[in-house]
Amino acid sequence: MFHETQLISISLVLLDITICGRMNQEMMASLYVGDLHPEVTEALLAWTFSPAGRIHSIRLCRDWKTRSSLGYAFVNFEQRADAERAMEMFHFELLMGRPMRVQWSQRDKSLRNSSIGNLFIKNLDKSIDTLALFHTFSAFGKVLSCKVVGDEKGSEGYGYVHFESAEAADFAMNRLNGKVLNGRKVFIERFKSREERKAQVGQWGWKPVFVDVAQQKEECQAYPVHQNRQRMASMQAQNLAASFSPSQKVEPCLDLLWTAQTIQSQYVQNIPDVVQPVPVHQQTGGTITSTSPFTMFE
DNA sequence: TCTTATT
């Protein structure tokens with residue numbers, strides 16, 4: 001039927017397709033984008049993410065019957081470097097008023113649902129949003145996932161930080177548990193699944209009660225940073241920075257965005273008992289004098 | 001008060 005040379009060339013074509021398929025899989029980089037506003041469309045996602053690089057495809061997951069958005073999507077880039085850039089550019093950026101959670105796509109459900117390195121944080125001050133939590137905890141290790149529940153509508157006072165490693169999670173828990181963050185003493189525990197939690201309640205028969213301790217012996221400041229790039233930029237443009245008095249609540253700045261991601265662990269070994277935010281007018285437009293998100297109170 | 005995901 002086929003001449004020998006034809007068979008060889010067909011095989012080569014198949015081999016080529018196989019290799020390209022593999023290559024594409026390796027090269028392609030898939031991002032999971034969660035916490036999307038229900039009105040966000042594929043087109044809006046494409047428009048939003050395209051500045052990062054060439055997008056291979058976008059899959060916004062919808063209810064198969066109603067076609068309404070399920071609030072998450074996969075944005076697939078042709079190049080891994082572009083996906084990395086997209087994550088840097090858009091992680092927790094607001095889209096239709098909601099901070100997007102941008103993570104590497106993890107297709108393995110068991111890995112996704114692993115509670116190793118996962119922390120539950122409660123009694124959070126309302127001023128601490130997902131970004132503040134993310135930047136504060138990023139000082140202790142690589143954060144895979146982070147969320148303040150109810151963020152866009154107003155914090156419900158608790159959230160999650162999932163670290164890449166159990167060590168980083170323990171490190172953060174040991175260092176920050178019981179610290180006063182923005183005026184409230186935070187409680188940090190390892191995350192427990194619903195089943196674990198149920199078992200625990202059954203064992204003790206009562207619900208734990210926690211109290212907001214007003215004593216400000218150990219106080220830290222959580223920094224919402226990334227979200228405020230535009231606000232900071234416009235503030236600087238309007239030259240308003242100088243009008244902020246040191247007594248005002250700290251506002252985030254660009255320097256701290258950079259800081260939190262590159263912080264050395266030596267700086268978080270010794271979190272001072274009393275810390276005070278750096279006044280805004282000292283932060284803007286200046287050089288970085290400290291790489292710690294915690295500032296000593298003199 | 002203990003998340004998240006159907007390419």
Inset, instruction - Would you check, one step at a time, whether the test ring-ring contact (aromatic ring centres under 6.0 Å, His included) holds for A:Phe140 with A:Phe171? - result: CA-CA 7 Å; A:Phe140 299 92; A:Phe171 184 29; 5.4 Å; yes
Inset, instruction - Remember a base hit wins even if backbone is also touched, and classify A:Ile58 as base, sugar-phosphate or nothing at under 4.0 Å, heavy atoms. - result: nothing
Legend entry - N/O donor-acceptor pair, side chain A:Arg59 with base B:dT6, under 3.5 angstrom: yes
Inset, instruction - Please work out if A:Ser105 contacts a base, only the sugar-phosphate, or nothing of the nucleic acid, heavy-atom cut-off 4.0 Å. - result: base
Legend entry - Length of the CG-P vector between A:Leu144 and B:dT3, whole Å: 17 Å
Legend entry - Spacing between A:Leu70 atom CG and B:dT7 atom P, to the nearest angstrom: 11 Å
Inset, instruction - Consider the side chain of A:Gln103, meaning its heavy atoms from C-beta on, and name the nucleotide among B:dT4, B:dC2, B:dT3 that approaches it most closely. - result: B:dT4
Inset, instruction - Find the distance A:Glu42:CD to B:dT6:C1' and express it as a whole number of Å. - result: 14 Å
Legend entry - Residue A:Gln106, side-chain heavy atoms: nucleotide from B:dT6, B:dA5, B:dT3 that is nearest: B:dA5
Legend entry - Salt-bridge contact A:Lys122-A:Glu189 (side-chain N to carboxylate O under 4.0 Å): yes
Legend entry - Considering all heavy atoms, the nearest A:Val149-A:Tyr160 contact: CG2-CE1, 3.5 Å
Inset, instruction - Give the rounded distance in Å between these two atoms: CZ of A:Phe74 and P of B:dT7. - result: 6 Å
Legend entry - Residue closer to the 5' end of DNA chain B, A:Arg107 versus A:Arg101 (nearest nucleotide): A:Arg101
Inset, instruction - Look at the side chain of A:Tyr32 and decide which nucleotide, out of B:dC2, B:dT6, B:dA5, has an atom nearest to it. - result: B:dA5
Inset, instruction - Grab the NZ-P distance between A:Lys198 and B:dC2 for me, whole Å please. - result: 12 Å
Inset, instruction - Provide, to the nearest angstrom, the distance between the OH atom belonging to A:Tyr72 and the C1' atom belonging to B:dT3. - result: 14 Å
Inset, instruction - Measure from CD on A:Glu164 to P on B:dT4 and round the result to the nearest Å. - result: 22 Å
Legend entry - A:Asp151/A:Arg98 ion pair, N-O < 4.0 Å: no
Inset, instruction - Using whole Å, report how far CG of A:Asp151 lies from P of B:dT3. - result: 17 Å
Inset, instruction - Among A:Arg80, A:Gln79, A:Arg85, find the residue that satisfies the side chain to side chain donor-acceptor pair (under 3.5 Å) test when tested with A:Asp82. - result: A:Arg85
Legend entry - Donor-acceptor pair under 3.5 Å, A:Asn76 side chain vs B:dT7 base: yes
Legend entry - hbond_proxy A:Glu189 side chain to B:dC2 base (donor-acceptor, 3.5 Å cutoff): yes
Inset, instruction - Using a heavy-atom cut-off of under 4.0 Å over every strand shown, decide if A:Ser30 touches base, sugar-phosphate, or nothing. - result: base
Inset, instruction - Specify the residue among A:His162 and A:Glu156 whose closest nucleotide of DNA chain B lies further upstream toward the 5′ end. - result: A:Glu156
